[in-house]
Engineer: 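Please see the structure below; I have some questions.
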Amino acid sequence: MKAIVLVGGEGTRLRPLTYGIPKPMVPVLNYPFLEHTIAYLKKYRIKEAVLATSYLSEAIQGYFGQLTGLGVKLIYAVEDKPLGTAGAVKNAEQHLSDTFIAFNGDIFTDLNLTKMLAFHRAKAAKVTIALTRVENPSAYGVVETESDGRVRRFIEKPSPELVSRDQVTTNWINAGIYIIEPEVLGYVPDNTHYMFESGLFPLLLQLGEPLYALKFDSGYWLDMGTPRKYLQLNCDLLLSKARSALLGTFGKDEVRYGERCTVHPSAQIIGPVIIGSNCKIGQDVCIKGPVAINSDCSLAEGVTLETAVLWQGVAIGKNAVLRHTVVGKDTTISANATLLHSAVAGSDIQALN
Ligand code: GDD
Ligand code: MG
């Protein structure tokens, strides 16, 4: 089976981290997010994946174009301007002649695709949507189903009024993974902005086409759409709550170093911590995991770092304290600064929310 991964969004909610870098290239434990997704697809023996790109497409193609040994052949379907989720798939229709799987490109999951395909076939569905359960469904596509899994209603991002009037009756939401029969792309207009969520799914329901959904009760699922979720994903991987085929599993207090790191003997490092190459850890620095530090970072004397992610080339000045914080590429943090629950890139700081 082939897959198509939707990676054309602007990642606006991840700002300031995504100024100049597309969401799929955001580093997760020092690998671009999308590389983890591709490793997951490979696990299910998917040999070919279309990347539907738009915003900052060159950055994605530049990286993956040079990578060897990925094990999945990548094809690019580039939109001049974003065509929406279904429009992006329509744009790649020539590559999708058989049953295929479509993915929102910001989902980190280990949901069982073999189980999903078996369900799709057993129901003779035209589209099957994977469902996951969340506490607050209002930021997602809410999916109501019959007892046999047939979709009754699809409500994309229900308004707070709908939720408060009890019009939203379920916590099961669209996990952003679909198995699709190519013929449904006949309903999607060419070269037009068109969404699965507000366009194709409601249309299929209206036409009485077999639209099904499968509830996944266990397994890991996260939409890495905001800095808080991004930090959580890094921590979950370090704490082995989530797993990536790229990284293997972390030991409870494990500390992994890249090449050419210098660590002052007085520094205290409590895992799980991953440190990239060429990093300098100064005197009396205290790092308490889960922490991910990318390459070329320096932590001056007396720095405290706890539950944090540093991108490449971050320099932290003496005695600064950072907790529950993400710092973007090449950012300098001044001496004695205190940063709590923040996402910082250059001089731009956002509270994690
Ligand atoms: N190629 C392309 N073109 N990709 C796009 C476009 C586009 O025009 N618009 C969005 N995407 C990609 C984004 O890059 C992202 O990977 C994915 O489609 C979903 O877009 P988001 O902007 O992240 O949507 P969302 O998180 O608010 O909601 C969607 O995902 C939820 C699950 O995380 C919806 O599908 C919800 O129904 C769902 O619950
Ligand atoms: Mg999303």
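Just so you know, ligand 1 is whichever comes first in the structure, and atom 1 is the first atom listed for that ligand. Counting from 1, the numbers follow the sequence of the chain as shown.
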Engineer: Is there any ring pair (Phe, Tyr, Trp, His ring centres under 6.0 Å) pair reaching into residues 314-336, and which pairs are they, with sequence neighbours excluded?
Structural biologist: His324-His341
Engineer: Report yes or no: does Glu10 have a heavy atom closer than 4.0 Å to ligand 1?
Structural biologist: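 The answer is no: ligand 1 sits nowhere under 4.0 Å from a heavy atom of Glu10.
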Engineer: Which option, Lys157, Glu197, Met195, owns the non-hydrogen atom nearest atom 28 (O) of ligand 1?
Structural biologist: Lys157
Engineer: Do you see a donor-acceptor pair shorter than 3.5 Å between the side chains of Glu79 and Asn91?
Structural biologist: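 No.
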Engineer: Do you see a donor-acceptor pair shorter than 3.5 Å between the side chains of Asn171 and Arg133?
Structural biologist: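 No - no donor-acceptor pair under 3.5 Å links their side chains.
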Engineer: Specify side chain, backbone, both or neither for Asp223, according to which of its non-hydrogen atoms lie closer than 4.0 Å to ligand 1.
Structural biologist: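 Side chain only; the backbone of Asp223 stays clear of ligand 1.
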Engineer: With a heavy-atom distance limit of 4.0 Å, tell me whether Leu83 approaches ligand 1 through its side chain, its backbone, both, or neither.
Structural biologist: backbone
Engineer: For ligand 1, which part of Phe103 has a heavy atom less than 4.0 Å away: the side chain, the backbone, both, or neither?
Structural biologist: neither
Engineer: Does Phe201 have a heavy atom less than 4.0 Å from any atom of ligand 1?
Structural biologist: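 No, Phe201 has no heavy atom closer than 4.0 Å to ligand 1.
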Engineer: Between Asn91, Asp106, Val5, Thr37, flag the one that comes closest to atom 23 (O) of ligand 1 by a heavy atom.
Structural biologist: Asp106
Engineer: So, does Ser54 sit close enough to ligand 1 that a heavy atom of it is under 4.0 Å from the ligand?
Structural biologist: no
Engineer: Glu35: what forms a salt bridge (Lys or Arg N to Asp or Glu O under 4.0 Å) with it, not counting sequence neighbours?
Structural biologist: none
Engineer: Between Gly8, Gly105, Gly84, Pro24, which one has a non-hydrogen atom sitting closest to atom 8 (O) of ligand 1?
Structural biologist: Gly84
Engineer: Are side-chain N/O atoms of His95 and Glu48 paired as donor and acceptor at under 3.5 Å?
Structural biologist: no
Engineer: Classify the side-chain pair Asp236/Tyr220 by whether it contains a donor and acceptor separated by less than 3.5 Å.
Structural biologist: yes
Engineer: Hey, is CZ on Arg45 packed in by over 12 heavy atoms from elsewhere, all under 6.0 Å?
Structural biologist: no
Engineer: Quick one about Ser198 and Glu156 (side-chain donor to acceptor, distance below 3.5 Å, no hydrogens or angles considered), yes or no?
Structural biologist: no
Engineer: Has Tyr230 got a side-chain atom pairing as donor or acceptor with Leu17's backbone, closer than 3.5 angstrom?
Structural biologist: no
Engineer: Non-hydrogen atoms of Arg13 versus ligand 1: any pair closer than 4.0 Å?
Structural biologist: yes
Engineer: Which atoms of the protein, restricted to N, O or S, are nearer than 2.8 Å to the Mg ion (ligand 2)?
Structural biologist: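 Counting only protein N, O or S atoms under 2.8 Å from the Mg ion (ligand 2), the list reads Asp106 OD2, Asp223 OD2.
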Engineer: Under the ring pair (Phe, Tyr, Trp, His ring centres under 6.0 Å) definition, can you give me all pairs with a residue in residues 182-218, not counting sequence neighbours?
Structural biologist: Phe154-Phe201, Tyr178-Phe196, Tyr178-Phe201, Phe196-Phe201
Engineer: Less than 4.0 Å between atom 30 (O) of ligand 1 and some protein heavy atom, yes or no?
Structural biologist: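 Protein heavy atom within 4.0 Å of atom 30 (O) of ligand 1: present.
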Engineer: Around Gln268, counting heavy atoms of other residues, nucleotides and ligands shown, do more than 12 lie under 6.0 Å from its CD?
Structural biologist: no
Engineer: Run the numbers for me: atoms of ligand 1, each under 4.0 Å from some heavy atom of Gly141, listed by number.
Structural biologist: 36 (C), 37 (O), 38 (C), 39 (O)
Engineer: If we ignore hydrogens and angles and just use 3.5 Å, is the side chain of Ser342 paired with the main-chain N or O of Val344 as donor and acceptor?
Structural biologist: no
Engineer: Applying a strict 4.0 Å limit to heavy atoms, is Phe33 in contact with ligand 1?
Structural biologist: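 Phe33 does not count as a contact of ligand 1 under the 4.0 Å cut-off.
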Engineer: At less than 4.0 angstrom from any non-hydrogen atom of Lys23, what atoms of ligand 1 do you find?
Structural biologist: 23 (O)
